[in-house]
Q: 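Supplied in structure tokens, the structure appears directly below.
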Amino acid sequence: MLRIGELAALAGVTTRTIRHYHQVGLLAEPPRTAAGYRLYGMADVVRLIRIRRLAALGMSLPDIGRVLSPRQDLREALADLDADLAREEEAVRRQRAMLAELMHTGRDPALTPELGQIFAELEQIFPAHPLLERERETITLLEAAAPEAARALTGVYRTSMGDERLQRRMWDIGLRFEALRGASPDDPEVAALAGELADAMRPFMDAVSADVRATAGPGGPAGTVSGETLSAMMVDALSPAQRRVVELLTP
């Protein structure tokens, strides 16, 4: 017969772990000596080793209790555990593939691969400027709240990447929009910029608006940030003059 310390050493666990197994019912209380010491037999050693190995496989204590119950089929339980581990393994494989891609390209993980590539190309064409970061923030919010609208806007970026004249025009408009941060809403540039932006975006606005209508219900797209929340976040980041440009663009 073994005392608790000897059992712990033999099974490779701590005495505290054994006491916990007693508390949750995984190990039956053994007989005690006259002095109150627990005494464990061979069956206790075998059961404890089984518990330890199943726990090492990732099985929860309640599941271990069911597996070791005479009414539970061990092969079936282990097959279920194997299926769970296979799913976890596949999830880890996908995560590692994504990490490898991000480390290789340096792409912003908040962006889709296509948008990440587009912004990487923009950074090569244009000098470093806060405008690019603001554009990333905008598209990230759209992807969270209105995925279809974000995809339509991706089409705008994609088209501009193939049209150097449009690309330069959109960049110039973006810089002028940034320059309005310190301007008054009554500045003549506000109305002028709103008109030019509307003209530049006209070929794409129907598609963007249709996608927004298709995905946004009364409270916004199902399962996403509400349209009202998204709008508030975007508007809060704008200056009064920039907000006026947005108001002039809104039908």
Q: Apply salt bridge (charged side-chain N to carboxylate O under 4.0 Å, His left out) to Glu90 and list each qualifying residue two or more places apart in sequence or on a separate chain.
A: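 For Glu90 the salt bridge (charged side-chain N to carboxylate O under 4.0 Å, His left out) partners, ignoring immediate neighbours, are Arg93, Arg94.
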Q: Please confirm whether the backbone N or O of Gly12 pairs with a side-chain atom of Arg52, one donor and one acceptor, at under 3.5 Å?
A: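 Not at all, since once roles are kept as given, no pair shorter than 3.5 Å links the two residues.
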Q: For Arg53, I'd like to know if atom CZ has over 12 heavy atoms of other residues, nucleotides or ligands within 6.0 Å.
A: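 Atom CZ in Arg53 is not packed in, count stays at 12 or less.
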Q: Considering residues at least two apart in sequence or located in another chain, which fulfil the side-chain hydrogen bond (donor to acceptor under 3.5 Å, both in side chains) criterion with Arg3?
A: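 Counting only residues at least two positions away or on another chain, Arg3 forms no side-chain hydrogen bond (donor to acceptor under 3.5 Å, both in side chains).
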Q: Restricting to side-chain contact (heavy atoms from CB on, under 4.5 Å), what partner residues turn up for Ala241, sequence neighbours left out?
A: Leu180, Ala183, Val190, Ser239
Q: Do Leu7 and Met1 belong together in a cluster built from hydrophobic side chains that touch within less than 4.5 Å?
A: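 No, no single cluster joins them.
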Q: Run the side-chain contact (heavy atoms from CB on, under 4.5 Å) test against Pro185 and tell me which residues pass, sequence neighbours left out.
A: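 Result, side-chain contact (heavy atoms from CB on, under 4.5 Å) vs Pro185: Pro240, Arg244.
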Q: Can you run down the ring-ring contact (aromatic ring centres under 6.0 Å, His included) pairs that involve residues 14-62, sequence neighbours left out, and say none if there aren't any?
A: His22-Tyr40
Q: Output every pair passing ring-ring contact (aromatic ring centres under 6.0 Å, His included) with a member in residues 174-198, not counting sequence neighbours, ordered by first then second residue.
A: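 Pairs touching residues 174-198 that pass the test: none.
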Q: Output a table of donor-acceptor pairs, distance under 3.5 Å, between side-chain atoms of residues 42-50 and any protein atom two or more places apart or on a different chain; print 'none' if there are none.
A:
from  : atom 1 : to    : atom 2 : distance (Å)
Asp44 : OD2    : Gly41 : N      : 3.0
Arg47 : NE     : Leu26 : O      : 2.6
Arg47 : NH2    : Leu26 : O      : 3.1

Q: With a cutoff of under 4.5 Å between side-chain heavy atoms, which Ile, Leu, Val, Met, Phe, Trp and Tyr residues group with Val92?
A: none
Q: Looking at every heavy atom in both Leu68 and Ile51, which two are closest together, and how far apart are they?
A: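 Closest heavy-atom pair between Leu68 and Ile51: CD1-CG1, 3.5 Å.
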Q: With Arg176, which residues qualify under salt bridge (charged side-chain N to carboxylate O under 4.0 Å, His left out), at least two apart?
A: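 Once residues adjacent in sequence are excluded, the partners of Arg176 under the salt bridge (charged side-chain N to carboxylate O under 4.0 Å, His left out) criterion are Asp172, Glu189, Glu196.
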Q: Suppose we screen for side-chain hydrogen bond (donor to acceptor under 3.5 Å, both in side chains). Which residues come up paired with Ser60, at least two apart in sequence or across chains?
A: Asp63
Q: With Arg16, which residues qualify under salt bridge (charged side-chain N to carboxylate O under 4.0 Å, His left out), at least two apart?
A: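 For Arg16, no residue satisfies salt bridge (charged side-chain N to carboxylate O under 4.0 Å, His left out) once neighbours in sequence are set aside.
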Q: What residues, two or more places apart in sequence or in another chain, satisfy side-chain hydrogen bond (donor to acceptor under 3.5 Å, both in side chains) together with Glu29?
A: Arg38
Q: Which heavy atom in Ala8 sits nearest to a heavy atom in Thr14, and how many Å separate them?
A: CB-C, 3.9 Å
